[in-house]
Engineer: 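Quick one: structure below, then a few questions.
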Amino acid sequence: PTLACLWLLSGMTMRHRSGYFGVLAPICCLLVFLLLTLVASYKPVVIVHGLFDSPSDFQQLLGFINETHPGTNVTVVDLFDRGESLKPLWQQVEGFRHAIYPIMQNAADGVHLVCYSQGGLICRGILSTMPDHNVDTFISLSSPQMGQYGLDYLRWLFPKHMKSNLYRLCYTQLGQDFSICNYWNDPHHRDLYLNNSNFLALLNDERINPNATDWKKNLLRIRKLVLIGGPDDGVITPWQSSMFAFYDVNETVRDMTSQLVYLQDTFCLKTLYARGDIRFYTMPGVPHTLWHSNRTVYDTCIAKWLT
Ligand SMILES: *[C@@H]1O[C@H](CO)[C@@H](O)[C@H](O)[C@H]1NC(C)=O
Ligand SMILES: *[C@@H]1O[C@H](CO)[C@@H](O)[C@H](O)[C@H]1NC(C)=O
Ligand SMILES: *[C@@H]1O[C@H](CO)[C@@H](O)[C@H](O)[C@H]1NC(C)=O
Ligand SMILES: *[C@@H]1O[C@H](CO)[C@@H](O)[C@H](O)[C@H]1NC(C)=O
Ligand SMILES: *[C@@H]1O[C@H](CO)[C@@H](O)[C@H](O)[C@H]1NC(C)=O
Ligand SMILES: *[C@@H]1O[C@H](CO)[C@@H](O)[C@H](O)[C@H]1NC(C)=O
C-alpha cells in the first residue's frame, strides 16, 4: 500500500498539480494507508468459556469482533466443554495453557484474553503460572474473581438450603476435584477455606504458596485488566465478586479496596490498581448468560480494548 500511494502521489502531483485531484489524492492515500495499518495490527483474541459452556455459545461475540475489528484472528478454545468444565481448575489451566501457547508464539505484539465466568479464574491461573505469556489486555467478563457463595443458578443440581452446607463437601480433597469447589468461598468457614481451597486460596496467595513471587511477576506482565460485571447477573454471588469485592463474615459486601488480599497486596492486585491499569465496568440489566451476546456491553466495555 505504501508503494502504491507513493506512485499515485508522484503521478498526481506531476500531472494535476493545480487540480483538486492533486489535493485529494494524498489525503485518500493517507486514509487508505491508516485503515490498512489498523486492520493489520489488531492483536489476536483468545476466548476462554465458562461453566457448562462451549465455543458455540460465542457466535454473537465473534460476529461483533468481525464487524468492529475486521481481520482479527479470534480463537474460542474448544476444551473442557459443558460437563467437562466441572473438572478441577488446575487441570483446566494446564489444558488451556497448552492450547493458547502457540497462539501467543505466533503473536509478536501479544494477544488479548476474553474470559467469561469461570473462565476468568482459569485465565488468572494461566497468567500467574506462565512466565513468558504476552497477554496485553485481560478482559474478565462477569467472573467470580473473589469466589462464589451462592447456588441459585444450580437449583436443578442442588436441593434448597444447600449453600450453607456445601463447605462440608467443597473443603475436602474430594470436593476440590470439582471446579465449583475450587472457588467456593464460604465467608462463615474461612479457616476451612484457607486450609483446603487448593485453587482460589493459592491464586490469591491467601495460603502459603512457594511460587507466589513468580506468580506475582507473571501476572504483572499484563498491560490492562478489564473487569465487567453487574447487579442483575443472577449467577455470580455476590455479583461484586466480578469486581474483586466479596462478603465479609456477616455477608455484607466489602469492596475491593477493603479486601485483605488487596490491602496486603498478596497477588499484586493493589499494584495493578496503583499502576492505573484496572478498568471497572458495572453494567445493569444483563443476566449472566447474556454477557457475551449483549451489543451494548460489547460496544461499551470490550471493543475499545481489542486493538
Ligand atoms: C466477517 O464479516 C464479513 C462481512 O460482513 C463476512 O463476509 C465474513 O464472512 C465474516 N467473517 C467471519 C469469520 O464471520
Ligand atoms: C490464527 O491464529 C492461529 C494460531 O496462531 C493460526 O494457526 C492461524 O493460522 C491464524 N489464522 C489466520 C487466518 O491467520
Ligand atoms: C488446618 O490445617 C492444620 C494443619 O493441617 C490443622 O492443624 C488445623 O486444625 C486445620 N484447621 C481447620 C479449621 O481445619
Ligand atoms: C511451584 O513450582 C514448581 C516448579 O515450577 C512446581 O513443581 C510446583 O508444583 C509449584 N507449586 C505450586 C503450589 O503450584
Ligand atoms: C458482624 O456482625 C456482628 C454482630 O452484629 C458484629 O459484632 C461484627 O463486628 C460484624 N463483623 C464485621 C466484620 O462487620
Ligand atoms: C444489554 O446491556 C444493557 C446495558 O447494560 C442493558 O441495559 C440491557 O438490558 C442488556 N440487554 C440484555 C438483553 O441483556
Side-chain angles (χ1 to χ4, degrees), residues 35-36 38-47 49-50 53-78 103 106-107 111-112 114 116-117 120 139-143 146-147 149 152-153 164 185-194 204 206 226-264 279-307:
L35 223 93
L36 286 171
L38 276 177
V39 167
S41 68
Y42 293 140
K43 296 180 178 68
V45 173
V46 179
I47 298 174
H49 68 75
D53 295 327
S54 70
S56 58
D57 298 312
F58 292 85
Q59 283 312 316
Q60 272 128 318
L61 180 58
L62 292 180
F64 297 161
I65 298 175
N66 182 31
E67 192 184 321
T68 62
H69 295 62
T72 306
N73 187 336
V74 188
T75 310
V76 192
V77 183
D78 188 10
I103 303 174
N106 280 340
V111 304
H112 299 304
V114 178
Y116 169 60
S117 195
I139 299 177
S140 163
L141 188 55
S142 199
S143 293
M146 278 296 281
Y149 184 58
D152 281 356
Y153 69 109
S164 54
N185 191 352
D186 187 329
H188 309 295
H189 296 93
R190 197 116 186 106
D191 292 356
L192 287 172
Y193 163 80
L194 293 175
N204 281 350
E206 295 169 294
V226 176
L227 299 171
I228 306 169
D232 302 306
D233 182 276
V235 170
I236 305 304
T237 318
W239 69 266
Q240 293 94 333
S241 181
S242 58
M243 307 281 161
F244 280 104
F246 205 72
Y247 291 132
D248 66 11
V249 67
N250 293 330
E251 292 191 37
T252 303
V253 176
R254 303 287 172 197
D255 68 10
M256 179 182 90
T257 55
S258 309
Q259 300 297 317
L260 213 58
V261 290
Y262 175 88
L263 294 167
Q264 299 179 344
R279 278 298 304 265
F280 302 87
Y281 292 100
T282 300
M283 303 295 285
V286 189
H288 190 68
T289 51
L290 297 183
W291 283 104
H292 42 70
S293 53
N294 184 309
R295 185 64 200 238
T296 311
V297 169
Y298 176 77
D299 287 337
T300 313
C301 326
I302 300 178
K304 66 177 283 197
W305 301 106
L306 303 182
T307 53

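Predicted model only: the values in this text are computed from it and were never measured. Read the numbers this way: they start at 1 and go in the same order the structure lists the ligands and their atoms.
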Engineer: Going by heavy atoms, is P287 under 4.0 Å from ligand 6?
Structural biologist: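 Checking ligand 6 against P287, which is what was asked, there is a heavy-atom contact under 4.0 Å.
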Engineer: What verdict does the ring pair (Phe, Tyr, Trp, His ring centres under 6.0 Å) test give for Y42 and H112, after you've listed the backbone C-alpha separation in whole Å, the side-chain angles of each residue and the deciding distance to 0.1 Å?
Structural biologist: CA-CA 10 Å; Y42 293 140; H112 299 304; 9.4 Å; no
Engineer: Does the protein put a heavy atom under 4.0 Å from atom 2 (O) of ligand 5?
Structural biologist: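 When distances to the protein are checked, atom 2 (O) of ligand 5 has a heavy atom within 4.0 Å.
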Engineer: Quick one: are E206 and V261 in side-chain contact, heavy atoms under 4.5 Å?
Structural biologist: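 They are in contact (side-chain heavy atoms under 4.5 Å apart), so the answer is yes.
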Engineer: At a 4.0 Å threshold, what atoms of ligand 1 neighbour a non-hydrogen atom of N66?
Structural biologist: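 Going through ligand 1 atom by atom, the ones under 4.0 Å from N66 are 1 (C), 2 (O), 3 (C), 8 (C), 10 (C), 11 (N), 12 (C), 14 (O).
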Engineer: How far is atom 11 (N) of ligand 6 from the closest protein heavy atom, and which atom is that?
Structural biologist: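 Ranked first by proximity to atom 11 (N) of ligand 6 is N294 ND2, 2.8 Å.
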Engineer: Give me the nearest non-hydrogen protein atom to atom 7 (O) of ligand 6 as residue plus atom name, then the distance to 0.1 Å.
Structural biologist: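 Result for atom 7 (O) of ligand 6: P284 O, 3.7 Å.
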Engineer: What protein heavy atom sits nearest atom 13 (C) of ligand 6, and how far off is it?
Structural biologist: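 So the nearest neighbour among protein heavy atoms is L290 CD1, 3.9 Å.
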Engineer: By number and element, which atoms of ligand 6 are closer than 4.0 Å to a non-hydrogen atom of V286?
Structural biologist: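 Within the 4.0 Å cut-off of V286, ligand 6 contributes 2 (O), 5 (O).
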Engineer: How far is atom 9 (O) of ligand 6 from the closest protein heavy atom, and which atom is that?
Structural biologist: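 Looking at atom 9 (O) of ligand 6, the protein heavy atom closest to it is G285 O, 2.9 Å.
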Engineer: Please find the pair of heavy atoms, one from W291 and one from G229, that lie closest to each other, and give the distance.
Structural biologist: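 Looking at all heavy atoms of both residues, the closest pair is CH2-C, 3.3 Å.
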Engineer: Among all protein heavy atoms, pick out the one at the shortest distance from atom 14 (O) of ligand 5; state its residue, atom name and that distance to 0.1 Å.
Structural biologist: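 That would be N250 ND2, 3.4 Å.
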